Amino acid sequence: MTSALPPQFDPRSLEAKLYAWWADQGQFAPAAEGDPYVIMLPPPNVTAQLHMGHGLNQAIQDTLARFERMRGRATLWLPGTDHAGIATQNMVEKLVAKEGKTRFDLGREAFERRVWDYVGETGATILEQIRAIGSSCDWSRTYFTLDPDLSRAVREVFVRLFEKGLIYRGKYIINWCPRCLTALSNEEAEKVETDGRIWKLRYPIEGGGTIPVATTRPETILGDSGIAVHPDDPRYAGLIGRMVRVPVADRLVPIVADEAVDPEFGSGAVKVTPAHDPTDFEIGRRHQLEAIDVMADDATMAGPVPARFQGLDRFVARKQIVAEFEALGLVEGVDNHHHAVGHCYRCDTVVEPRLSDQWFVRMAPLAKPALAAYRDGRLKFIPERRGEEYAQWMEGIRDWCISRQLWWGHRIPVWYCEAPGCGAISASRTDLTACATCGGPARQDDDVLDTWFSSWLVPFSSLGWPDQTPDLARYYPGDVLVTAPEILFFWVARMVMAGCEFMGDIPFHTVYLHGTVRDTQHRKMSKSLGNGIDPLDVVGAYGADALRYTVIAGTAVGTDLILDHEDIEGSFAPGRNFANKLWNAGRFILGSLTEVPRPLAGTHPNVVRREELGLADRWIIARCDHAVREATAAYQKFRLNDAATAIYHFLWSELADWYIEQVKPRLSGDQPGGDVARAVLAATFDVALRLLHPIMPFITETLW
RNA sequence: GGGCGGUUAGCUCAGUUGGUUAGAGCGCUACGUUGACAUCGUAGAGGUCACAAGUUCGAAUCUUGUACCGCCCACCA
């Protein structure tokens with residue numbers, strides 16, 4: 001029997017002590033000895049509500065953590081939350097709105113206090129819920145991205161990048177959310193495939209004739225400052241340099257030649273709106289066309305637009321402009337048009353590409369080592385194909401817009417000198433009260449940083465960086481990151497970049513991307529669709545172990561988990577039934593042990609001798625050995641569903657259905673071989689419990 | 001528009017380098033309940049592995065094409 005078991009299941013090992021410790025504490029094992037193993041918990045929003053995606057995510061991570069711990073590794077699983085700038089601010093603004101106020105009525109400081117109060121009330125909830133489903137994180141190291149320590153890291157990083165010339169400020173076209181009233185990064189503007197319309201319009205040329213253009217956003221016509229055609233397009237060769245009168249806006253603009261225009265598309269002539277489109281912005285810059293911003297922050301028409309459009313919503317203006325073109329007889333046609341439109345990832349509002357003054361991080365230098373880490377095999381993805389998505393993103397990396405027009409977050413540590421003639425701009429680790437250059441009055445930037453600007457540092461900022469702490473020395477770099485694929489770019493890719501830049505090493509060597517939890521129609525579970533399942537309901541009804549087993553066994557590596565929100569009982573029946581079976585088998589086995597069972601191996605004088613074992617005994621021992629090998633191999637390969645299935649099969653079909661039934665006669669009274677059967681039952685059940693413990697910790701702990 | 005994944009039993013899904021009768025859970029059928037468990041047991045039905053062609057002694061597995069479904073990326077107005 002001993003030879004059948006890998007060394008980590010030696011009852012005298014650390015694992016056995018851990019069991020005892022667990023029983024006392026019901027908590028994580030302190031990282032004390034052994035090879036460190038580090039898992040980063042993806043930080044949920046402080047205000048997040050637990051959903052089944054968390055359930056799946058936690059079950060996977062906790063299974064890995066417990067497995068590694070039982071192998072004797074000093075396992076650190078770091079929990080924490082992020083402050084979720086936009087989402088949290090939105091929630092508190094809603095509360096404030098119920099009092100008939102806006103954040104501007106309260107003022108910045110009072111509003112920030114309100115958010116802190118709110119976070120103080122709700123912030124721990126998500127972590128408590130995660131705890132309730134059994135996650136054995138190291139709660140003593142729980143972090144929050146706005147904690148002083150992590151904020152210090154944010155400043156350190158900002159200043160370092162600033163001094164290195166990797167942070168810059170400038171006027172560019174960014175994604176603007178007119179509802180959240182802030183700039184967004186490219187990743188935060190989700191492209192949604194939309195069936196829209198494209199209008200084909202004619203602009204009159206000065207001196208006679210018209211030129212056809214196409215647009216999906218007629219409201220931007222008010223900001224047109226040119227028409228562009230391809231330099232080699234014979235249709236328009238004679239028109240380059242001529243002036244065109246933009247209808248409705250009533251503005252004279254030139255026809256310019258630019259390589260960016262695709263002569264094959266539409267009419268081959270494109271209206272140029274430098275203030276509201278990235279391509280147009282580039283064209284405008286090359287030809288000195290004016291960037292005319294025609295919208296206010298809330299995307300109502302404003303600025304140099306005719307009076308009748310002032311204050312109109314952009315979509316109302318769109319209709320009205322089309323109507324005016326029709327009245328002028330300048331509409332050539334309108335077609336259905338399928339294209340991708342950006343939406344705010346927090347409120348789903350259509351984002352407005354808009355010229356704006358923002359802070360950016362130059363990403364190309366940071367991406368280089370992060371891409372190399374993947375290319376040379378140091379960074380692995382599970383499933384593997386996800387690595388190509390990562391590589392593709394890294395190769396096409398674009399600069400990161402990091403400023404947000406919010407109040408909730410890390411305020412940008414930049415001070416502008418207000419002394420006349422100085423104009424110094426300083427980034428500082430400490431708050432400045434005066435200009436670092438001339439000593440004049442200094443004013444801090446009003447904006448805050450993107451939440452991910454703190455999240456991308458978490459693998460080391462949560463361990464005390466920039467100080468060289470013992471934690472940092474021992475636990476960086478970590479091992480594995482388990483998360484949903486949605487935040488591959490938001491968070492995972494950027495953590496790798498930050499790790500390379502500030503720690504000189506990648507923060508983890510394995511990125512495990514699990515699937516998405518969906519309903520039976522394969523729709524993502526979401527609050528708005530009402531198709532979610534609350535993990536706490538499942539825990540309450542069937543237990544955390546049933547939840548964990550069901551989701552672990554139900555999802556192969558990288559595949560989605562389909563659950564039926566209309567049949568929760570049915571969805572979680574596998575786990576519930578298995579927990580029940582295990583419990584009853586345990587009751588029977590423990591009840592049959594009349595005394596301390598004889599050991600199957602070792603030097604004990606009463607050890608079961610090989611020749612005492614019957615055919616059934618030898619068979620179940622062999623099957624047990626097989627299950628250990630199968631499950632251990634599966635755990636190591638992250639094939640948790642295979643591990644779950646292997647243990648399930650051994651426990652249910654082989655041990656319970658077959659062996660227990662087989663030895664029942666021997667167990668009654670004082671039958672010959674009864675003590676051997678008891679010894680085999682105890683030993684094999686013990687092994688099965690340990691094997692299963694990472695997946696079903698509560699019931700196995702209790703039985704053991 | 002570019003890249004990628006999926007299509008296997010009524011349902012949800014496994015199937016690890018091509019190799020005997022393709023598996024699991026749930027559901028279904030028949031029978032079974034005095035002692036671990038009906039959240040159970042025993043037995044069983046159910047699949048031309050999306051479709052077409054190809055490679056091979058042999059294909060769910062490899063190649064090509066087709067059709068649906070889905071994901072990621074993208075400044076064709």
Side-chain angles (χ1 to χ4, degrees), chain A residues 173 186-187 190-191 193 198-201 212-218 220 224 227-228 230 260-273 276-283 337-340 342 353 383-393 395-396 398 485-486 488-489 513 515-516 518-524 542 546 549-550 553-564 567 569-592 633-634 637 639 641-642 644-646 648-649 652-653 656-658 660-661 664 667-668:
Chain A
I173 299 287
N186 293 320
E187 289 71 28
E190 288 182 342
K191 296 283 187 171
E193 304 251 343
I198 185 165
W199 285 268
K200 295 183 173 165
L201 308 170
V213 300
T215 183
T216 55
R217 296 187 291 149
T220 63
D224 283 358
I227 301 286
H230 194 274
V261 179
D262 176 5
E264 304 293 317
F265 187 87
S267 65
V270 55
K271 67 188 220 37
V272 183
T273 320
H276 290 279
D277 185 275
T279 310
D280 292 8
F281 177 72
E282 296 299 326
I283 296 174
H337 188 60
H338 191 74
H339 60 150
E384 276 181 36
R385 62 191 152 81
R386 293 286 182 181
E388 284 308 310
E389 279 176 31
Y390 168 92
Q392 214 174 56
W393 186 79
E395 280 164 358
R398 290 189 282 168
E486 292 99 83
L488 178 58
F489 306 133
L513 293 163
T516 306
R518 298 179 184 279
D519 69 9
T520 49
Q521 296 170 55
H522 292 205
R523 298 176 306 179
K524 195 171 167 176
Y542 315 115
Y549 178 82
T550 301
T555 174
V557 173
T559 62
D560 290 342
L561 174 66
I562 285 42
L563 294 170
D564 188 351
D567 182 16
E569 181 173 356
S571 292
F572 291 92
R576 182 197 57 172
N577 294 354
F578 186 39
N580 179 258
K581 186 71 181 181
L582 181 60
W583 182 252
N584 282 302
R587 264 198 333 178
F588 177 80
I589 291 170
L590 295 177
S592 71
K637 288 187 287 187
R639 301 180 63 101
N641 61 322
D642 284 351
T645 309
Y648 180 99
H649 182 251
W652 198 317
S653 306
D657 286 351
W658 203 86
I660 288 180
E661 295 306 324
K664 267 180 182 171
L667 296 175
S668 55

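Here is how names work: the chains are called A, B, and so on, in the same order as the sequence lines, proteins then strands, and each is numbered from 1. For clarity, every value in this text was computed on a predicted model and none was experimentally measured.
Nucleotides B:rA22 and B:rA14 have their C1' atoms positioned 11 Å apart, rounded to a whole Å. Using atom C1' as the reference point in both B:rG10 and B:rA45, the two lie 12 Å apart (nearest Å). Across the C1' atoms, B:rG65 and B:rC11 are found 31 Å apart, a figure rounded to whole Å. B:rG46 and B:rG54 are spaced 31 Å apart, taking the P atom of each and rounding to whole Å. When the C1' atom is compared between B:rG70 and B:rC28, the two are found 31 Å apart, to the nearest whole Å. Spacing between B:rU12 and B:rG47 at atom C1', rounded to whole Å, works out to 16 Å. Annotation: B:rG19 and B:rG58 have their P atoms spaced 14 Å apart (nearest Å).
A straight line from NZ of A:Lys200 to P of B:rC76 spans 17 Å, rounded to a whole angstrom. Rounded to an integer number of Å, the gap from CD of A:Glu569 to P of B:rG25 is 18 Å. Straight-line distance from the CG atom of A:Asn584 to the P atom of B:rA36: 10 Å, rounded to whole Å. Going from atom CH2 of A:Trp658 over to atom P of B:rU42 covers 12 Å, rounded to whole Å. Atom CD1 in A:Ile562 sits roughly 12 Å away from atom C1' in B:rC11 (whole-Å rounding). As a whole-Å value, the separation of A:Tyr549 OH from B:rU39 C1' is 14 Å. Taking atom CD of residue A:Glu661 and atom P of nucleotide B:rG35, one finds them 11 Å apart after rounding to whole Å. Across the protein-nucleic acid pair, A:Trp583 atom CH2 and B:rC40 atom C1' stand 18 Å apart, rounded to whole Å.
Considering all non-hydrogen atoms of both residues, A:Thr520 and A:Ile562 come closest at CA-CG2, 3.9 Å.
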B/S/- along nucleotides 5-10 of chain B (protein heavy atoms under 4.0 Å) is S-----

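In this structure, A:Arg217 contributes its side chain and A:His276 its backbone to a donor-acceptor pair below 3.5 Å. Panel note: side chain A:Ser267, backbone A:Pro212; a donor-acceptor pair is recorded below 3.5 Å. For the pair A:Ser571 (side chain) and A:Asp567 (backbone), a donor-acceptor distance under 3.5 Å is present. Using a distance-only test at 3.5 Å, with no hydrogens or angles considered, a donor-acceptor pair links the side chain of A:Asn584 to the main chain of A:Asn580.
Mapping A:Leu561 and A:Gly570 onto RNA chain B via the closest heavy atom, the residue that lands nearer the 5' end is A:Leu561.
Closest to the A:Trp652 side chain, of the nucleotides B:rA77, B:rG41, B:rC40, is B:rG41. For A:Pro574, the listed nucleotide lying nearest its side chain is B:rG25; candidates were B:rG15, B:rG25, B:rA36.
Contacts of A:Thr215 with the nucleic acid, taken as non-hydrogen atoms under 4.0 Å apart, involve only primed sugar atoms and P, OP1 or OP2. A:Arg587 comes within 4.0 angstrom of the backbone, heavy atoms only, and of no base. Across all strands, A:Ala556 comes closer than 4.0 Å only to sugar-phosphate atoms, never to a base (heavy-atom distances). Contact annotation for A:His230: no contact, since no heavy-atom pair falls under 4.0 Å across all strands. Contact annotation for A:Asp262: base contact, defined as any heavy-atom pair under 4.0 Å involving a base atom. In this structure, A:Ala228 reaches neither bases nor backbone, as no heavy-atom distance under 4.0 Å exists between it and the strands shown. Note on A:Thr559: only backbone sugar-phosphate atoms sit closer than 4.0 angstrom, heavy atoms only; bases stay farther off. As judged by a 4.0 angstrom heavy-atom cut-off over every strand, A:Phe578 is placed among residues making no nucleic acid contact. Across all strands, A:Asp657 comes closer than 4.0 Å only to sugar-phosphate atoms, never to a base (heavy-atom distances).
When only modelled atom types and interatomic distance are considered, A:Glu187 and A:Trp393 share a side-chain donor-acceptor pair under 3.5 Å.
Here the rule is side-chain hydrogen bond (donor to acceptor under 3.5 Å, both in side chains) with A:Lys271, and of A:Asp224, A:Asp277, A:Asp280 only A:Asp224 fits it.
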What does the 5'-to-3' dot-bracket notation of RNA chain B look like when only Watson-Crick and G-U wobble pairs under 3.5 Å count, and pairs to other strands show as |? (((((((..((((.....[...)))).(((((.......))))).....(((((..]....))))))))))))....

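Ring centroid separation for the pair A:Tyr648 and A:Tyr549 comes in under the 6.0 Å cut-off.
Using the six-membered ring where Trp is involved, A:His337 and A:Phe265 have ring planes that are perpendicular, over 60° apart on the 30 and 60° scheme.
Residue A:Glu384 places its CD atom among 12 or fewer non-hydrogen atoms of other residues, nucleotides or ligands, all under 6.0 Å distant.
Judged by distance alone, with hydrogens and angles left aside, A:Lys664 brings a side-chain donor or acceptor within reach of the base of B:rA36, the pair sitting under 3.5 Å.
Contact of the A:Ile227 side chain with the A:Val213 side chain is registered, since non-hydrogen atoms from C-beta on lie closer than 4.5 Å. Residues A:Thr215 and A:Ile198 fail the side-chain proximity criterion, which asks for heavy atoms closer than 4.5 Å. Proximity of A:Arg518 to A:Arg523: side-chain heavy atoms (C-beta onward) are nowhere separated by under 4.5 Å.
Between A:Glu661 and A:Lys664 there is a salt bridge, since at least one side-chain N of the basic residue sits less than 4.0 Å from a carboxylate O of the acidic one.
Between A:Asn577 and B:rC40 there is a side-chain N or O to OP1 or OP2 distance below 4.0 Å. A:His276 has no side-chain polar atom (N or O) that falls below the 4.0 Å cut-off from OP1 or OP2 of B:rA77.
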Might you list the N or O atoms of the protein lying below 3.5 Å from N or O atoms in nucleotides 68-74 of chain B, with each pair's distance?
residue, atom, partner, partner atom, Å
B:rA74, OP1, A:Arg398, NH2, 2.9
B:rA74, N6, A:Glu193, OE2, 3.3

